[in-house]
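Reading through the structure tokens given below for one structure.
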Amino acid sequence: MKPILLQGHERSITQIKYNREGDLLFSVAKDPVANVWYSVNGERLGTYNGHTGAVWCVDVDWDTKHVLTGSADNSCRLWDCETGKQLALLETSSAVRTCGFDFSGNIIMFSTDKQMGYQCYLNFFDLRDPAQIEDNQPYVSVPCSESKITSAVWGPLGDFVIAGHENGEINQFSAKSGEILKTVKEHTKQINDIQSAVDLTMIITASKDCTAKLFDSTSLDHIKSFKTERPVNSAAISPIMDHVVMGGGQEAMEVTTTSTRIGKFEARFFHAAYEEEFGRVKGHFGPINCVAFHPDGKSYSSGGEDGYTRIHYFDPQYFDFELEA
């Protein structure tokens, strides 16, 4: 089926996120606008205006009431999903790289970049305490001096946050004390993306070392590896099948010198158990920066360096993908 093309950004897409029901798709890019779309037909529902720099991350809470965005303008902002009104502004010393709501939607976490002489911090705010928001004081702030956080997700039950680092490490940070509960290092280069399975039992990591890996989200035991010949920018786990989808391509600065055929700009499907690639979907004119499965598993979206978001519908049981030799 022909994909739905979403054109609402002037620059490359940095993250896309479905809400829990899957009727809305949120997209952010290296421009100051956060967009929300109807996933069924690609119609733009509205925008969240207020940022003044590239928006790196977006998350939406469990009941689609609030939206969280983090930006290179040194701020993390909370929005009313329905009206687009800004509810809270949390200012930081450096760019906000990752953000997320916990399961209850009451506690948010976000990490800042290590730049301009400032440390990388992982901050936790309780939205039920207005004093924290007004004073801009997180109840826990964890310095990450060795290697900055590049991607992070909440673990099951909201007890901890799983963070991927620039040096390839994965850490579990306690949401109560901020201490590191577990550490593993299966990747040799920077982790670009971490996404959870729909039941939060597993996470998948995408790395510059040309692999994506499945881990148990509680024990951080390494389960499976999926190898490609290009850096992997993003990976997602299917909610209904034993499939994972990966997106990537080479570094953005090398793109202009490469044809699309050599650049490997397809979304690639692997079997989660057998670790074998069984399908590819073409479409983007540059590296894919982010991928996400619809919660019903019957479509997926990809956001690219070309500034487009594409929604692909398919029947997961009957893939008609062509696999190149």
Side-chain angles (χ1 to χ4, degrees), residues 8-17 19 26-36 46-61 64-102 105-145 148-154 161 163-166 173 175 178 192-194 289-290 303 307:
H9 293 284
E10 295 172 0
R11 301 191 59 197
S12 49
I13 311 292
T14 50
Q15 192 172 21
I16 52 177
K17 190 68 77 71
N19 65 340
F26 297 83
S27 67
V28 292
K30 291 180 182 172
D31 56 24
V33 180
N35 286 322
V36 55
T47 58
Y48 301 95
N49 297 317
H51 283 294
T52 56
V55 187
W56 288 117
C57 53
V58 62
D59 196 22
V60 54
D61 64 3
T64 321
K65 278 189 179 165
H66 299 134
V67 178
L68 192 65
T69 54
S71 168
D73 64 6
N74 298 359
S75 75
C76 185
R77 295 172 195 243
L78 182 72
W79 311 85
D80 183 296
C81 182
E82 192 177 354
T83 63
K85 185 175 171 230
Q86 183 176 301
L87 302 176
L89 168 62
L90 302 168
E91 294 181 329
T92 58
S93 304
S94 55
V96 177
R97 180 65 55 173
T98 66
C99 65
F101 289 97
D102 80 334
N106 293 324
I107 295 175
I108 60 168
M109 64 86 185
F110 61 87
S111 72
T112 59
D113 270 356
K114 186 176 179 180
Q115 62 187 158
M116 299 182 296
Y118 290 102
Q119 282 269 46
C120 164
Y121 282 97
L122 179 63
N123 296 316
F124 293 90
F125 281 86
D126 191 329
L127 298 178
R128 294 166 294 188
D129 181 3
Q132 287 182 28
I133 309 296
E134 284 168 26
D135 302 340
N136 211 14
Q137 282 298 322
Y139 73 86
V140 172
S141 186
V142 187
C144 304
S145 51
K148 77 166 188 183
I149 292 172
T150 48
S151 185
V153 292
W154 280 92
V161 164
H165 294 256
E166 205 171 24
F173 292 95
N192 292 325
D193 185 31
I194 297 181
N289 291 339
C290 43

Query raised in the report: Taking all atoms of both residues into account, what is the closest heavy-atom pair of Gly70 and Cys99, and its distance?
Result: N-SG, 4.1 Å
Query - Exercise: identify the closest heavy-atom pair between Ser27 and His9 - result: OG-NE2, 2.8 Å
Query - Flag, side chain of Thr112 to backbone of Tyr121, donor-acceptor distance under 3.5 Å - result: yes
Query raised in the report: Say you draw a straight line from CD1 of Ile194 to OG of Ser151; how long is it, rounded to the nearest 0.5 Å?
Result: 5.0 Å
Query - By side chain to side chain contact (heavy atoms under 4.5 Å, CB included) - contacts of Ala152 (at least two apart) - result: Thr98, Met109, Ile149, Val161, Ala163
Query raised in the report: Would Leu122 and Ser111 count as a side chain to side chain contact (heavy atoms under 4.5 Å, CB included) if you check the C-alpha gap in whole Å, the side-chain angles of each, and the deciding distance to 0.1 Å?
Result: CA-CA 4 Å; Leu122 179 63; Ser111 72; 4.1 Å; yes
Report task. Please check if atom OH in Tyr139 has more than 12 non-hydrogen atoms from other residues, nucleotides or ligands closer than 6.0 Å. Result -> yes
Query raised in the report: Do we see a donor-acceptor contact under 3.5 Å between the side chains of Thr92 and Asn74?
Result: no
Requested in this report: Measure the spacing between CG of Leu127 and NE2 of His66 and express it to the nearest 0.5 Å.
Outcome: 7.5 Å
Query raised in the report: What's the shortest heavy-atom distance between Trp79 and Gly84, and which atoms?
Result: CE3-O, 3.5 Å
Requested in this report: Using the test side-chain hydrogen bond (donor to acceptor under 3.5 Å, both in side chains), find all partners of Asp129 that sit at least two apart in sequence or belong to another chain.
Outcome: Gln132
Requested in this report: For the residue pair Pro32 and Thr52, establish whether any side-chain heavy-atom pair is separated by less than 4.5 Å.
Outcome: no
Query raised in the report: Are any side-chain N or O atoms of Tyr48 and backbone N or O atoms of Leu78, one a donor and one an acceptor, separated by less than 3.5 Å?
Result: no
Report summary line: What one should report as the nearest heavy-atom pair of Ala29 and Arg11 is CB-O, 3.7 Å
Query raised in the report: Within the distance-only criterion (no hydrogens, no angle test), does the side chain of Gln115 pair as donor or acceptor with the backbone N or O of Ser94 below 3.5 angstrom?
Result: no
Requested in this report: Could you tell me which non-hydrogen atom of Gly105 sits nearest to which non-hydrogen atom of Asp61, and how far apart they are?
Outcome: CA-CB, 4.3 Å
Query raised in the report: Do Asn192 and Thr150 come close enough that some side-chain heavy atom pair is under 4.5 Å?
Result: no
Query raised in the report: How long is the span from the OG atom in Ser75 to the NE2 atom in His51, to the nearest 0.5 Å?
Result: 5.0 Å
Query - Pairwise salt bridge (charged side-chain N to carboxylate O under 4.0 Å, His left out) hits with a residue in residues 72-81, at least two apart - result: Asp73-Arg77
Query - Backbone of Asn136 reached by a side-chain donor or acceptor of Glu91 within 3.5 Å - result: no
Query raised in the report: Residues in side chain to side chain contact (heavy atoms under 4.5 Å, CB included) with Glu10, at least two apart?
Result: Asp31
Query raised in the report: If we only count heavy atoms from C-beta on, is the Ser141 to Asn123 side-chain gap below 4.5 Å?
Result: yes
Query raised in the report: Does Asp193 have any side-chain hydrogen bond (donor to acceptor under 3.5 Å, both in side chains) partners at least two apart in sequence or in another chain, and if so, which?
Result: Gln195, Ser234
Report summary line: Phe101 meets the ring-ring contact (aromatic ring centres under 6.0 Å, His included) criterion, sequence neighbours left out, with none
Query raised in the report: Which residues pass the ring-ring contact (aromatic ring centres under 6.0 Å, His included) test with Trp154, sequence neighbours left out?
Result: Phe124
Query raised in the report: Excluding sequence neighbours, so at least two apart, what forms ring-ring contact (aromatic ring centres under 6.0 Å, His included) with Phe110?
Result: Phe125
Query raised in the report: Atom CD of Glu166 and atom SG of Cys144: how far apart are they, to the nearest 0.5 Å?
Result: 11.5 Å
Query raised in the report: Sequence neighbours excluded, which residues qualify as ring-ring contact (aromatic ring centres under 6.0 Å, His included) partners of Phe173?
Result: none
Query raised in the report: Distance-only, no hydrogens or angles: does the Thr14 side chain make a donor-acceptor pair with backbone N or O of Val55 under 3.5 Å?
Result: yes
Report task. Sequence neighbours left out, what passes side-chain hydrogen bond (donor to acceptor under 3.5 Å, both in side chains) with Lys17? Give chain and number order. Result -> Asp59
**Report entry** Distance-minimising heavy-atom pair for Cys81 and Phe26
**Finding:** SG-CZ, 3.8 Å
Query raised in the report: Which pairs pass salt bridge (charged side-chain N to carboxylate O under 4.0 Å, His left out) with one or both residues in residues 105-123, sequence neighbours excluded?
Result: Arg97-Asp113, Asp113-Lys148
Query raised in the report: Sequence neighbours excluded, which residues qualify as side chain to side chain contact (heavy atoms under 4.5 Å, CB included) partners of Thr47?
Result: Val33, Asn35, Arg44, Asn49
